[in-house]
Asks: 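My questions all concern the structure below.
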Amino acid sequence: MQSLLPIYMYHQVAPESAPGYEPYLYVTPSELEKQVAQLTGWGLKLVTLAEAWEAIADGKGTGGMAVLTFDDLFHSFIKHALPVLEKHGAKATAFAIGNSLVGKEVKNVAGEPEPATLADMEKLEEAGIEIGSHGMSHEVMTSLSPAQLEEELAASRKTVEDITGREVKTLCYPRGIISPRVEAAAEKAGYACACSTLRGNMHTPEERFRLKRIRSHGGREGMKLWYTTTRFYEWMNRKRYGKTL
């Protein structure tokens, strides 16, 4: 059974003056504000990915739910995104890179992000933000050997759990690249579900390790945003990209 659940994909939230600002990967705080205000104004309840997946797994349905996900958790999220979410009482899921949390350099991330601190993590917990895993090194998981993949998934999960003191249930594949081998490894590592960059908003229990998302960017508001909350969005993407979505 398919469930309608819009899962929105963000990366960095920062003003246009931020170093390395890239419209494809960034939204400004004001753009995020407009999107959150419109989604909640239409009556959608913004929940964590774990909460939404639990509703799907329990057969309760996701009517009226939507999820905001933020890849590459850095201090900019706390500085620019968290105030917007708190203002609207919106929950979200932020995916942290393990190495970033322990002060190691991370490649292939947008701009020049500052690492999130322990104090940042405490703020997120207080605000009801779920922290998921985005891998340990941000390496594309399909390029890893079986042993490396197992370590990447296990180490990142343990790192986040050790810092937050909470069970990590959700995963986002670095750069959204997946394969059946990677999906099976994620399940074996104990995650409940995982996000890709496949496009759509309809999900089945069998697809829990390849959840589809909606790319968020500047200008996605009004009708352009509203249609992503409907089944028409899934139909359009299947027509455009094929049945393999």
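The basis for the numbers below is simple: all heavy atoms, side chains too, and nothing from hydrogens, waters or symmetry mates.
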Asks: Without swapping roles, check the side chain of N99 against the backbone of M136 for a donor-acceptor pair under 3.5 Å.
Replies: yes

Asks: Kindly state each residue pair satisfying ring pair (Phe, Tyr, Trp, His ring centres under 6.0 Å) with at least one member in residues 115-142, sequence neighbours excluded.
Replies: H134-H138

Asks: With sequence neighbours left out, which residue pairs that include part of residues 180-225 fulfil the ring pair (Phe, Tyr, Trp, His ring centres under 6.0 Å) condition?
Replies: none

Asks: Would you say that more than 12 heavy atoms from the other residues, nucleotides or ligands in this model lie under 6.0 Å from the CZ of R220, or not?
Replies: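 Yes, the 6.0 Å shell around CZ holds more than 12 heavy atoms from other groups.
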
Asks: Could you work out, with side chain to side chain donor-acceptor pair (under 3.5 Å) as the rule, every residue matching Y173, not counting sequence neighbours?
Replies: none

Asks: Side chains of T159 and D162: donor-acceptor distance under 3.5 Å anywhere?
Replies: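 Distance-only check fails for T159 and D162.
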
Asks: Is there a side-chain contact (heavy atoms from CB on, under 4.5 Å) between L46 and K91 once you walk through the steps?
Replies: CA-CA 6 Å; L46 300 179; K91 293 184 179 181; 5.6 Å; no

Asks: Any chance you could measure C193, atom SG, to R210, atom CZ, to the nearest 0.5 Å?
Replies: 14.0 Å

Asks: Using salt bridge (Lys or Arg N to Asp or Glu O under 4.0 Å) as the criterion, list what pairs up with E33, not counting sequence neighbours.
Replies: K87

Asks: Residues two or more places apart in sequence or in another chain: which of them pass salt bridge (Lys or Arg N to Asp or Glu O under 4.0 Å) with R166?
Replies: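 With sequence neighbours excluded, R166 shows a salt bridge (Lys or Arg N to Asp or Glu O under 4.0 Å) to E125, given in chain and number order.
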
Asks: With sequence neighbours excluded, give me every side chain to side chain donor-acceptor pair (under 3.5 Å) pair touching residues 221-230.
Replies: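 Those involving residues 221-230 are Y8-T228.
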
Asks: Run the salt bridge (Lys or Arg N to Asp or Glu O under 4.0 Å) test against E54 and tell me which residues pass, sequence neighbours left out.
Replies: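 In terms of salt bridge (Lys or Arg N to Asp or Glu O under 4.0 Å), with neighbours along the sequence ignored, E54 is linked to no residue.
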
Asks: So how far is it from S156 OG to E151 CD, rounded to the nearest 0.5 Å?
Replies: 9.0 Å

Asks: In Å, rounded to the nearest 0.5 Å, how long is the span from CZ of F74 to OG1 of T117?
Replies: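 Here the interatomic distance stands at 13.0 Å.
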
Asks: Suppose the criterion is ring pair (Phe, Tyr, Trp, His ring centres under 6.0 Å): which pairs have a residue in residues 105-126, not counting sequence neighbours?
Replies: none

Asks: Check residues 14-25 and write down every donor-acceptor pair under 3.5 Å in which the side-chain atom is one partner and the other belongs to a residue at least two apart or another chain.
Replies:
| from | atom 1 | to | atom 2 | distance (Å) |
| --- | --- | --- | --- | --- |
| E22 | OE2 | Y24 | N | 3.1 |
| Y24 | OH | R215 | NE | 3.4 |
| Y24 | OH | R215 | NH2 | 3.4 |

Asks: May I ask you to list the residues sharing a hydrophobic cluster with W53, side-chain cutoff 4.5 Å, ordered by chain and number?
Replies: L5, I7, V47, L49, I56, M65, V67, F95, L211

Asks: Taking only residues two or more places apart in sequence, or in another chain, which ones meet D71 in a salt bridge (Lys or Arg N to Asp or Glu O under 4.0 Å)?
Replies: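 So D71 forms a salt bridge (Lys or Arg N to Asp or Glu O under 4.0 Å) with R213.
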
Asks: Using side chain to side chain contact (heavy atoms under 4.5 Å, CB included) as the criterion, list what pairs up with T142, not counting sequence neighbours.
Replies: V140, I177, S179, V182

Asks: E234 side chain to N201 main-chain N or O, any donor-acceptor pair under 3.5 Å?
Replies: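 Flag set: sc E234 to bb N201 pair under 3.5 Å.
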
Asks: Can you tell me how far the CD atom of E161 sits from the NZ atom of K169, to the nearest 0.5 Å?
Replies: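 E161 atom CD to K169 atom NZ measures 10.5 Å (nearest 0.5 Å).
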
